[in-house]
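Below is one structure, written out as structure tokens; comments come after it.
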Amino acid sequence: MTLTARQVRACDWHEPLAVANGLRDRDGLLVLLSDGGSLGRRSFVAAKPDRVEVGPLVDSSRLDALRDPDFATATVGLIAYDAGARPATGERTSNWPDLMLARYPTMLVFDHQARTVEAVGRGIDAVAAQEACDRAASWLDKAVTPEVPPAPAVAFVEEEPPSTYRAAVADVVDRIAAGELFQANIARAWSGTLKPEAGPFDVLLRLAGREAAFGAFWRIGDRAIVSNSPELFLTFDSDDGRIETRPIKGTRMRDNDPVRDAALAADLRDSAKDRAENLMIVDLMRNDLSRVAHPGSVRVERLFEIESHPTVHHLVSTVVAKAKDGSSAADLLEATFPPGSITGAPKHQAMKVIAAHEAPRGPWCGSLFHVDDDGRLTASVLIRTASFERFDGIWHFRTLAGAGIVADSDPEAELAETEAKIRALREALTG
């Protein structure tokens, strides 16, 4: 049934992580935890979705479930990387479903800049919407200030030795020299289990203070993700048709010495290699957006900006466009998924090369997206992300970190880049 009625109530400010902590055992807990900055002004907390869809994509690519009017608003979804890569790589065995969708009639919306909270309720009529709004407001009374738990992981095991990654980088460099492709994002994987008394939410709590614009926790049944992603895949405003994507390409590790740290940022900004790598993906995303954009509307709004995060500096560009009339969130995702920043160029060939060196990625480098009450789409790239599955009462995790390989990539330097990118999650899991 479509949720046509909506009620909103203004509430006093509470920290979203404290509210989520009070709901940590609720079914379907969702936390979209932003850093309060310009890209992540709002956080969202919700639980107990009233409709959930989990399964394969139709014809390996079409997001028909997202076109269902019942999922038009108040919906969160996750597309696994392998679902989008399948046209290039063929069927590959993965425990993770192609698509997860959940509709949340009850939600809290936190505005970090205005320091306000809205309790939002949706329903099939005004009475149901008011009841949902009341439930959301009641969650604020359950807030519990979190304490940082002990490291939850039993082990953090690299699935392949560093020599295997160096060899993969060297192989991609050779393929580039042979004219097979221009760039491919090659990743390393780590896995392990959590202690019997621990759960994925503990990992989110241990990332507190390192929030990114698109941090997230989501648990549906025996699957969960924890993401600390700084990367925007897409936003789409259905009112004015504006599309925005912000690919990240180029990384330097942070340094505790402010002078050295500034020098590292300047080195990244001035690096011809990193600029070339970034520009390739900018061109790829321009091409992807052109499939659903008004002719001539695709443009690069910002190029080669430095973004600094707790453990790394990134080189980021911004591409915008105006969507063709009648375009939907599903149309945009179909035209652009998987994100170019974590595949390579040309995208189809890059995904084939990735599959030659990696096991299926699952949710890592897929996308987590939110369609809000106004139909606005926000989708992140699931980097800095760990996925969790529970078997026999024990949570098992897997996480990856990758680097964009280009013609002059050095295997040892790319290995070091993956170490920088996995640092925050490694520390959250193992201390």
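Within the model, atoms CG of Leu289 and CE of Met285 stand 5.0 Å from one another, a figure rounded to the nearest 0.5 Å. To the nearest 0.5 angstrom, Leu400 atom CG is 11.5 Å from Leu382 atom CG. Distance check, rounded to the nearest 0.5 Å: CZ of Arg246 to OG of Ser317 gives 9.0 Å. How far OG1 of Thr399 is from CG of Leu429: 7.5 Å, rounded to the nearest 0.5 Å. Expressed to the nearest 0.5 Å, how far CG of Asp82 lies from CE of Met351 amounts to 11.0 Å.
Without hydrogens or angle criteria, Thr106 side chain to Gly121 main chain gives no donor-acceptor distance under 3.5 Å. A donor-acceptor contact shorter than 3.5 Å links the side chain of Lys347 to the backbone of Pro338. Arg219 places a side-chain N or O within donor-acceptor distance of the main-chain N or O of Arg26, the cut-off being under 3.5 Å.
Side-chain contact annotation: His112 with Ser43, donor-acceptor N/O pair under 3.5 Å present. Between the side chains of His314 and Thr251, a donor-acceptor pair is found at a separation under 3.5 Å.
Ion pairing between Asp331 and Arg67 holds under the 4.0 Å rule for side-chain N and carboxylate O. In summary, Glu231 and Arg384 do not engage in a salt bridge, as defined by a charged side-chain N under 4.0 Å from a carboxylate O. With respect to Glu427 and Arg206, no salt bridge is recorded, no charged nitrogen being found less than 4.0 Å from a carboxylate O.
Listed by chain and residue number, His294 satisfy the side-chain hydrogen bond (donor to acceptor under 3.5 Å, both in side chains) test with Asp325 (two or more places apart in sequence, or in another chain). Considering only residues two or more places apart in sequence or on other chains, Arg41 meets the salt bridge (Lys or Arg N to Asp or Glu O under 4.0 Å) condition with Asp111. Evaluation of the side-chain contact (heavy atoms from CB on, under 4.5 Å) rule for Ala18 yields Glu15, Ala143, Pro146 as partners, not counting sequence neighbours. Residues that satisfy the side-chain hydrogen bond (donor to acceptor under 3.5 Å, both in side chains) test with Glu417, not counting sequence neighbours, are Lys421. Considering only residues two or more places apart in sequence or on other chains, Glu412 meets the salt bridge (Lys or Arg N to Asp or Glu O under 4.0 Å) condition with Arg166. Under the side-chain hydrogen bond (donor to acceptor under 3.5 Å, both in side chains) criterion, Glu389 pairs with no residue, sequence neighbours left out. Every residue meeting the salt bridge (Lys or Arg N to Asp or Glu O under 4.0 Å) condition with Glu180, not counting sequence neighbours, appears here in chain and number order: Arg175. Residues that satisfy the side-chain hydrogen bond (donor to acceptor under 3.5 Å, both in side chains) test with Asp222, not counting sequence neighbours, are Arg390. Residues passing the salt bridge (Lys or Arg N to Asp or Glu O under 4.0 Å) test with Lys273 are Glu277, Glu414, sequence neighbours excluded.
Pairs passing the ring pair (Phe, Tyr, Trp, His ring centres under 6.0 Å) check and including a residue from residues 201-246, sequence neighbours excluded, read Phe201-Phe217. Residues in residues 192-204 take part in these salt bridge (charged side-chain N to carboxylate O under 4.0 Å, His left out) pairs, two or more places apart or across chains: Arg24-Asp202. Sorted by first and then second residue, the pairs that involve residues 332-382 and meet ring pair (Phe, Tyr, Trp, His ring centres under 6.0 Å), not counting sequence neighbours, are Phe44-His370.
Between Leu425 and Asn228, every side-chain heavy-atom pair lies at or beyond the 4.5 Å cut-off. Between Leu3 and Asp50, the closest side-chain pair of non-hydrogen atoms falls below 4.5 Å.
Closest non-hydrogen pair, Ala153 versus Phe397, comes out as CB-CE2, 3.9 Å. Contact detail for Asn95 and Arg223: the closest heavy-atom pair is O-NH2, 3.0 Å.
Heavy atoms of other residues, nucleotides or ligands lying less than 6.0 angstrom from CD of Gln113 number more than 12. Annotation: Phe182, atom CZ; neighbour count of heavy atoms from other residues, nucleotides and ligands within 6.0 Å does not exceed 12.
A perpendicular orientation is assigned to the rings of Phe388 and Trp395, their planes being inclined by more than 60° (bins at 30° and 60°).
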